[in-house]
There are 2 protein chains.
Amino acid sequence: MDRIQTDMRTALAAQGQRWTRAREVVLAFLEGERMPVSAKEVFKKVRLTGINLASIYRSMDLFLEKGVVDCVDSPGGVRRYELSDRFRPHHHHVVCRECGSTQDVAGCGVKGLEERAAQSTGFKILSHQFTFVGLCPDCV
Amino acid sequence: MDRIQTDMRTALAAQGQRWTRAREVVLAFLEGERMPVSAKEVFKKVRLTGINLASIYRSMDLFLEKGVVDCVDSPGGVRRYELSDRFRPHHHHVVCRECGSTQDVAGCGVKGLEERAAQSTGFKILSHQFTFVGLCPDCV
DNA sequence: CTATGTGCAAAAGTTTTGCGTAAGA
DNA sequence: TCTTACGCAAAACTTTTGCACATAG
């Protein structure tokens, strides 16, 4: 068992929440991925474990709440999840307009804009999503 | 009839496509909005015209294809539409994590990053979506 | 043991599609 | 007139929820 899972287990135990098979499977899968994945994609790839799709959504909600994963709302209307900035360098994404495939773009380049946005809108800014939309090499 | 509608009508006519009541109603509505709206929001506000929700989606698809509107994929899984950069200053958005309300954030601040993203990923970059996620004054 | 989480199935919500008809040009 | 687009209804998809049962602690 690796560090993220140990941390997660401890954090959950502190609040009477449990480290279950579904949560372990989902988190382990996310740790092995380099790109954001949708709930359905996780479901298909862990099908042999018998974990239910609803449980994957519920696990993702828990991980989001704990700050262990971040989500990306992609053009195309499918939500994708990945390990959060706490465990990976902060970065952004490029999504293919045709096939929906997603890749990381290293770096940020937009830090410092949050404060300006907060001032001009009155919102309390919690995070940002910055996504390039384009065509992947296969779809050009 | 204003300029955008005239342009649109001409562009459609050139390809054997028609300027219909549904398209006129949807485009006119978008021209009157300052913030991105979902298909359902348009539908509710133009209900008295009898325009069908499916026709609103179809009109939006057409306008997207013609570059007359842009879409924003918001956290929460609802797609919103607004007049494109061709008719409004380029800008970005802030979305409330709780209620989904959306506001413009003036300016860009991320121009010049597209080329770097293209180089590092091999994608052809067509556009970008930059969204701040936070809490609106009502939801704080 | 006991409360929490899961599987299953149904529901909810958004977006798409097929088909017969209305209506632009 | 003749093709395009619309209305309607159903379907397709993603995500959420209720409930009885399983299971982690």
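Protein chains get the first letters and strands the later ones, always in sequence-line order, with residue 1 at the start of each. Below, each value reflects all heavy atoms present in this structure, side chains not excepted, and no hydrogens, waters or symmetry copies.
To the nearest angstrom, P of C:dG5 lies 14 Å from CD1 of A:I51. Following rounding to the nearest Å, A:R18 (CZ) and D:dA22 (P) show an atom-to-atom distance of 15 Å. When the P atom of C:dA25 is taken as reference, atom CZ of B:R21 falls 14 Å away, rounded to whole Å. For the pair B:Q15 CD and D:dT3 C1', the interatomic distance rounds to 15 Å; values are reported in whole Å. Note: CD (A:Q17) to C1' (C:dT2) measures 16 Å, nearest angstrom. Rounded to a whole Å, the CZ atom of A:R23 is 11 Å from the P atom of C:dG7. Protein atom CD of A:E24 is 14 Å distant from nucleotide atom C1' of D:dT23, rounded to whole Å. For A:W19 and C:dA3, the CH2 to P distance is 24 Å, given to the nearest whole Å.
At a threshold of 4.0 Å, the pair B:R88-B:D104 counts as salt-bridged, since one of the basic side-chain nitrogens sits closer than that to a carboxylate oxygen.
Taking only side-chain nitrogens and oxygens, B:T20 never comes nearer than 4.0 Å to OP1 or OP2 of D:dA5. When the side-chain nitrogen and oxygen atoms of A:S55 are compared with OP1 and OP2 of C:dG7, one or more of them lie within a distance under 4.0 Å.
Hydrophobic cluster membership differs between B:V95 and B:V105, with clusters built from Ile, Leu, Val, Met, Phe, Trp and Tyr side chains linked at under 4.5 angstrom.
The 12-atom threshold is not exceeded at CD of B:E115, counting heavy atoms of other residues, nucleotides or ligands nearer than 6.0 Å. Residue-environment remark: NZ (A:K124) stays at or below the threshold of 12 foreign heavy atoms within 6.0 Å.
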Grab the N/O contacts between the protein and nucleotides 12-17 of chain C below 3.5 Å, and write none if there aren't any.
from, atom 1, to, atom 2, distance (Å)
C:dT14, OP2, B:K40, NZ, 3.0
C:dT15, OP1, B:R79, N, 3.0
C:dT15, OP2, B:Y57, OH, 2.4
C:dT15, O5', B:Y57, OH, 3.2

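Residues B:H90 and B:H128 bring a donor and an acceptor atom of their side chains to less than 3.5 Å of each other.
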* Asked: Does the salt bridge (charged side-chain N to carboxylate O under 4.0 Å, His left out) test come out yes or no for B:R80 and B:E41, once each step is laid out?
  -> CA-CA 9 Å; B:R80 291 170 188 278; B:E41 285 162 358; 3.0 Å; yes
